[in-house]
Structure formats: structure tokens, C-alpha cells
Amino acid sequence: MTALLFREDPYLREAPARVTGHTPEGGIVLDRSVFYPTGGGQPGDSGLLVWDGIEMPIATTVKGEGGAVVLVPAEPMPLPGTGTHVMQYLDWERRHRHMRVHTALHLLSVVVPLPVTGGAITSEKGRRDFDMPEAPADRDIIEEALQLLIERDLPVSETWVTDAVLEATPELVKTMSVKPPRGQGRVRLVRIGKGGDQVDLQPCGGTHVARTGEIGAIRLGKIEKKGRQNRRLNVILDS
């Protein structure tokens, strides 16, 4: 199992690690990772792995067996052997944009309080698909409400609850297509706001900014019809 350094500190950009194994496909498993693996609509991180004067570009990161995090090299080259001590350097600009988009999508589900049927994140924009039979009458109202939540600069934090608590409060789960993992005893929740200013609380395993103000200016892209009862809303980072 890989220690998830990005969970302890999503702002950590580099860290030493030790190679604990390889996958048949040529991936590298470390004992600790600053790289987030693809999941929950958020792409896997990219960056650089360095050891003994050798630099290996990392194209993406995925989940492996038994809780392993697997780094995928960008090009074929000899892999560091098991036991090798390496330095991992995150492509921070790309990750930070993922964090901004991810938090913005959580806020979008506050502005549009409907069941979520899907979603995806890139470094430029994100989307949420909603169980929405009819398109909203005024998209500008949604964009304005979303930007106002961002400008309130609400704190973003995490908390953990037991599987039993989540079962007793199913309203916390907004996604219809992807259910939070159960069976490990507890589930991570991401909270936006605090006390009387709390606006959102939902299960999530991804990385987020520390405050909503960090998202910056956004634009609401086109609203697309995706099936009889589904509408796709796109959120675009302005910078």
C-alpha cells in the first residue's frame, strides 16, 4: 500500500520516496506518493521522477492493486530498481488547476441542487451532468451565483465519517453514477464553509483548494442536452 502524501497535504509539490515494485505494464510503485491517481473524474497527476542523475517524465498516475499508486512513465526507458530512493516532483500548475476546477464543481452542485449523473475534470474546465429534464431558464443566474460563492472565500476542509453514518444520511451522496467506496470503515467528506456558513458537505476522494477564493474567475460554458433527462453544465477557468 502506498502512503497518500497528497491526502495529508494537497499543496505538497515534491517529496522523497522509495521504489517498492513495478507493474507488468511498466508502471512504478512507490512507498509514498505526492501524485494523485486518476479517480472520481479527476485526472492522474504528472511530473518528474529523479534518481542518480536520471530524470524520468511521468505522464499520469493510476490506482494499482492493494492500495498501490502507480506512476506511468511518459516514454520507454529503464525503470529505477526496487529499493531505489527517488525524488518525485509534481507538475504543480496542472494539479492546482485540477484542484480549482474540482472545488468549483462542488459549488456548482450547490447552485444546482439536483442529483449528479456524471462529471469530469481537466486543467482548463470541468463538467457536471445533472438529472435535469429541462434546461435552466437563465444560465447567467447560475454563473453569477457560482461566482458569488467563490468570492465569499469559504474555507474548504475534510472530515471522516463511518460507513454507518453515511448509510444513515444518504442525502450526502449527490452522485447517482458513482457511489463512495464502502467497506473500509470510514468515508472522507469534503466540507465547504464552516458552521453557519457551511454550504456543502459530500463524499469525495479528490484534491481541493483551501479556500473558494483561490478558484478565481470562472465562466459557465454551454449547457448541453445529454439524454432525455440529463443536462451537462460546463465550468471554465478564466485564467
Side-chain angles (χ1 to χ4, degrees), residues 1-21 23 27-51 56 58-72 80 82-107 121 123 126 153-163 165-166 172 178 180-194 198 200-215:
M1 178 177 290
T2 304
L4 308 181
L5 298 180
F6 60 83
R7 181 78 73 238
E8 300 170 15
D9 180 4
Y11 288 83
L12 187 63
R13 307 184 189 194
E14 60 184 66
R18 183 175 58 84
V19 177
T20 59
T23 66
I28 303 164
V29 180
L30 304 179
D31 64 341
R32 55 208 306 261
S33 175
V34 298
F35 292 82
Y36 175 85
T38 301
Q42 181 172 330
D45 284 330
S46 56
L48 197 66
L49 206 60
V50 178
W51 74 97
M56 172 179 281
I58 299 301
T60 189
T61 309
V62 297
K63 295 177 181 178
E65 296 181 359
V69 172
V70 180
L71 279 58
V72 180
T82 300
T84 300
H85 290 271
V86 299
M87 278 295 297
Q88 42 188 331
Y89 298 96
L90 186 65
D91 182 342
W92 169 246
E93 182 178 350
R94 178 173 177 265
R95 153 75 85 74
H96 189 234
R97 293 180 72 88
H98 290 165
M99 292 163 63
R100 292 167 60 198
V101 171
H102 201 156
T103 308
L105 291 180
H106 277 226
L107 291 177
I121 295 165
S123 59
D153 197 29
L154 298 165
V156 182
S157 59
E158 68 173 41
T159 188
W160 294 80
V161 296
T162 64
D163 289 349
V165 169
L166 191 63
L172 290 174
V178 179
R182 291 176 170 85
Q184 298 182 358
R186 63 176 193 160
V187 176
R188 178 178 182 252
L189 303 180
V190 171
R191 173 185 286 111
I192 301 180
K194 185 178 181 181
Q198 178 176 307
D200 191 47
L201 181 66
Q202 60 177 291
C204 183
T207 57
H208 292 268
V209 293
R211 303 190 69 91
T212 61
E214 202 172 323
I215 297 170

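All heavy atoms count here, side chains included; hydrogens, waters and symmetry mates do not. The first residue in the sequence is number 1, and the count goes up from there.
The minimum heavy-atom distance between Gln88 and Arg32, with the atom names listed, is NE2-O, 2.9 Å. Between Ala15 and Leu5, the closest heavy-atom pair is CB-CD1, 3.7 Å. Scanning all heavy atoms of the two residues, the minimum distance from Val69 to Pro37 falls at CG2-CG, 4.2 Å. What you find for Leu90 and Leu12 is that their closest heavy atoms are CD2-O, 3.8 Å. Taking both residues in full, the closest heavy atoms of Leu30 and Ala17 are given as CD1-CB, 4.0 Å, listed atom of the first, atom of the second, then distance. Of all heavy-atom pairs spanning Leu49 and Pro80, the tightest one is CD2-CG, 4.5 Å.
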Check the pair His98, Tyr36 against side chain to side chain contact (heavy atoms under 4.5 Å, CB included), reporting the backbone distance first and the verdict last.
CA-CA 11 Å; His98 290 165; Tyr36 175 85; over 6 Å; no
Test side chain to side chain contact (heavy atoms under 4.5 Å, CB included) on Met99 and His208; report intermediate values, then the result.
CA-CA 4 Å; Met99 292 163 63; His208 292 268; 5.6 Å; no
Between Phe35 and Arg95, is a side chain to side chain contact (heavy atoms under 4.5 Å, CB included) present by the stated rule, with each step listed?
CA-CA 9 Å; Phe35 292 82; Arg95 153 75 85 74; over 6 Å; no
Legend entry - side chain to side chain contact (heavy atoms under 4.5 Å, CB included) assessment of Val156 paired with Val190: CA-CA 7 Å; Val156 182; Val190 171; 3.9 Å; yes
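Each of Arg7, Arg191, Arg188 was checked for a side-chain hydrogen bond (donor to acceptor under 3.5 Å, both in side chains) with Glu158, and the lone residue meeting it is Arg188. For the side-chain contact (heavy atoms from CB on, under 4.5 Å) with Met56, the qualifying choice from Ile28, Val50, Leu71 is Ile28, the only one to do so.
One distance of note links CG of Leu154 with NZ of Lys194; it measures 12.0 Å at 0.5 Å rounding. If you take CG on Asp91 and CZ on Arg13, they are separated by 11.0 Å, rounding to the nearest 0.5 Å. A distance of 13.0 Å separates CE of Met1 from CG of Asp31, quoted to the nearest 0.5 Å. To the nearest 0.5 Å, the span separating CZ on Arg97 from CD1 on Ile215 amounts to 12.5 Å. Going from atom CD1 of Ile192 over to atom CD of Gln202 covers 7.0 Å, rounded to the nearest 0.5 Å. Note: Cys204 SG to Leu189 CG = 10.0 Å, rounded to the nearest 0.5 Å.
Glu214 has its side chain within reach of His96: a pair of non-hydrogen atoms, C-beta onward, lies under 4.5 Å apart. The shortest side-chain heavy-atom distance between Tyr11 and Thr207 does not fall under the 4.5 Å cut-off. Residues Pro43 and Ile121 have side chains in contact (heavy-atom distance under 4.5 Å, counting atoms from C-beta outward). Using a 4.5 Å heavy-atom threshold, the side chains of Leu107 and Asp200 count as separate.
Judged by distance alone, the side chain of Thr20 and the main-chain N or O of Gly83 form no donor-acceptor pair under 3.5 Å. Checking side-chain atoms of Thr61 against main-chain N and O of Asp45 turns up a donor-acceptor pair under 3.5 Å. No donor-acceptor pair closer than 3.5 Å links the side chain of Thr2 to the backbone N or O of Ala68.
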